[in-house]
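Some notes on the structure that comes next.
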Amino acid sequence: MGRPDRNQGRRVQNGGVVGSVTRRRLFELATAAALARSATPASSEHGKRDMIVRSARPLDLEMPLSGFQHPITPIDQFFVRCHHYTPAAVKIADWRLELAGLVNTPVTLTLDELKQLPRLELAAVLECAGNGRAFYEPHVPGMQWEYGGVGCARWAGVRLGDVLKKAGGVKEGALDVLFDGADTPMGSMPKFQRTITVQKALDPDTLLVYEMNGEPLPHIHGGPVRLMPSGWAGDSWVKWVQRIEVLDKPFEGFWMKSAYRHPGHGVPPGTAVDPAQMQPVTNLKVKSAIATPAPNSGISMRPVKITGVAWSNGSPVTEVDVSVDGGSTWHPARMGKDHGRYAFRLFETTWTPKSEGEHVLMSRARNAAGQTQGMEQEWNPSGYLWNVVQRVPVSIGEKSETVDGMRRAPAGSHPPGYDAACLSCHKEDVIIQQHLTRGQWEKEIDKMVRWGAPVEEKHRGALLDYLARFGQKK
Ligand SMILES: Nc1nc2c(c(=O)[nH]1)N[C@H]1C(S)=C(S)[C@@H](COP(=O)(O)O)O[C@H]1N2
Ligand SMILES: [Mo]
């Protein structure tokens with residue numbers, strides 16, 4: 001049951017809160033939910049739904065595992081990573097891109113001028129370098145991403161190389177290209193400024209993008225224009241780009257010199273490594289994630305579809321093997337449509353469980369370069385580039401569709417009004433663990449309604465039926 005402010009919440013079908021809800025209220029919801037590690041409506045302020053809120057301000061949203069069902073991640077499920085406060089949106093007419101430093105003719109472009117360059121569309125994975133950090137042992141400080149600090153969009157924009165040509169091209173001695181994000185640092189933190197090598201800048205697949213999945217690039221994702229260095233980790237995908245400077249020496253700023261550096265190989269867990277001994281993070285690793293079944297689900301003894309996506313760093317994914325016995329044996333999965341060498345690739349296999357009890361599902365991707373996923377993760381000081389094989393424990397039994405001994409509703413079977421009334425504030429697991437009878441649920445609903453839960457009279461019966469069925473001891 002929800003308990004939003006009675007007069008302030010206006011609900012939409014996906015359970016999000018829109019319009020008149022105060023920022024404070026959103027913040028409270030976000031904080032409460034972040035503590036409970038559950039999905040909340042806080043993110044709907046940015047048109048998101050069902051996200052794991054890692055931080056409400058600055059905004060950091062993780063995609064739940066179910067998001068890996070899509071080869072192209074819908075924008076409302078696309079993760080968000082902001083180090084700083086989001087900048088005020090600029091009017092398109094006022095936006096300018098300044099090209100400076102070691103270019104032959106420094107120039108300032110409008111968005112119209114930028115869009116006059118040849119337009120390219122490319123599906124590509126954006127993954128935070130720290131995705132999976134939460135799993136490192138010993139623990140590494142930083143955003144505690146599990147799987148969903150990643151998404152794949154259809155981006156559109158122009159080649160950075162073509163943009164640099166507008167400035168007469170880069171001069172001799174050019175080494176790195178600096179991108180300035182227009183976001184507002186928190187406290188005395190340094191501005192988000194990152195460089196990529198000139199070689200990467202001139203790569204035909206390195207774009208400045210202004211569209212995402214056919215829409216103007218949303219503000220929260222760096223609109224109107226962000227950098228897209230295809231195949232590289234998210235830290236180099238600078239958002240809110242307004243200034244580009246070509247340099248003849250390595251940039252000394254914090255976000256290059258201290259952050260996003262990797263020893264280039266594993267080090268003994270817990271080792272401190274001098275940043276000077278490390279290299280900037282660049283290419284992503286080959287990786288895969290299982291979307292369905294969800295971890296810890298209860299499955300009956302009948303054929304079940306195992307689905308997920310695999311991705312890589314520009315060397316295309318060639319195969320995904322799946323194991324249903326914790327890695328003892330592997331079988332090739334069917335591969336979905338090829339959306340390009342930087343994109344997610346769906347995989348799918350049908351499994352008929354032959355014995356009851358706990359099973360561990362796994363997927364392992366391989367790319368054309370022969371890179372694959374290991375069974376044990378090498379450690380690095382900042383917890384970057386986690387890509388070890390995922391373990392998805394499931395429980396097979398006659399009783400079926402259970403979680404931790406509790407009944408679980410088949411996916412997509414929520415009654416009308418349930419999402420708004422209940423899931424906007426509570427996690428499904430918490431609800432079904434209540435072990436209440438129908439009568440007790442009736443009292444519970446009354447209480448929640450007094451606290452402001454939006455329960456419509458016409459939905460009450462179906463809600464009660466559902467809660468009594470799934471929120472009760474077997
Ligand atoms: N200006 C700016 N650009 C940025 C960041 C930021 O904080 N400020 N975060 C970076 C990091 S670490 C990641 S993982 C991606 C996340 O992009 P998204 O929020 O569109 O998913 O943006 C990158 N670009
Ligand atoms: Mo990131």
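By convention here, the first residue in the shown sequence is residue 1.
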Within this structure, what is the [atom1]-[atom2] distance for the pair [X] and [Y], rounded to the nearest 0.5 Å?
X      : Y      : atom1 : atom2 : result
Ile75  : His46  : CD1   : NE2   : 14.0 Å
Cys82  : Asp183 : SG    : CG    : 7.0 Å
Leu208 : Leu120 : CG    : CG    : 11.5 Å

Can you check whether [X] reaches [Y] side chain to side chain, under 4.5 Å on heavy atoms?
X      : Y      : answer
Asp112 : Leu114 : no
Val225 : Val209 : no
Val246 : Leu99  : no
Arg261 : Gln279 : no
Tyr210 : Pro224 : no
Met228 : Leu122 : yes
Asp180 : Val238 : no
Phe192 : Phe179 : no

For [Y] together with [X], are the ring centres under 6.0 Å from each other?
X      : Y      : result
Trp255 : His84  : yes
Trp237 : Trp155 : yes
His262 : Tyr384 : no

Among Met335, Glu319, Arg334, which residue meets the side-chain contact (heavy atoms from CB on, under 4.5 Å) test with Phe347?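 Among Met335, Glu319, Arg334, the one that satisfies the side-chain contact (heavy atoms from CB on, under 4.5 Å) with Phe347 is Met335.
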
If the plane angle is over 60° it's perpendicular, under 30° parallel, otherwise tilted; pick one for His83 and Tyr260.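 Judged by the thresholds at 30° and 60°, the geometry between His83 and Tyr260 is perpendicular.
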
Can you find a side-chain donor-acceptor pair between Asp419 and His414 that sits under 3.5 Å?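 Side-chain D/A pair, Asp419 to His414: present.
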
Will you find, in the side chains of Asp205 and Tyr342, an N or O donor that is under 3.5 Å from an N or O acceptor?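 On atom types as modelled, these side chains qualify, holding a pair under 3.5 Å.
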
For a side chain to side chain donor-acceptor pair (under 3.5 Å) check, start with the C-alpha distance between Ser288 and Gln373, then their side-chain angles and the critical distance, and finish with the verdict. CA-CA 8 Å; Ser288 60; Gln373 301 182 254; 2.7 Å; yes

Exceeds 12 heavy-atom contacts within 6.0 angstrom, atom CD of Gln199: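 Open.
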
SB check [X] [Y] (cutoff 4.0 Å):
X      : Y      : answer
Arg119 : Glu121 : yes
Arg194 : Asp235 : yes
Asp162 : Lys165 : yes
Arg159 : Asp203 : no

Looking only at atom types and distance, does a side-chain atom of Lys287 sit under 3.5 Å from a main-chain N or O of Trp386, one as donor and one as acceptor?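 Answer holds: yes.
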
Which pairs with one or both residues in residues 221-230 pass side-chain hydrogen bond (donor to acceptor under 3.5 Å, both in side chains), sequence neighbours excluded?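 Non-adjacent pairs meeting side-chain hydrogen bond (donor to acceptor under 3.5 Å, both in side chains): Lys48-His221.
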
Under the 6.0 Å and 45° cation-pi test, does Arg364 pair with Trp330?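 Checked: cation-pi criterion met.
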
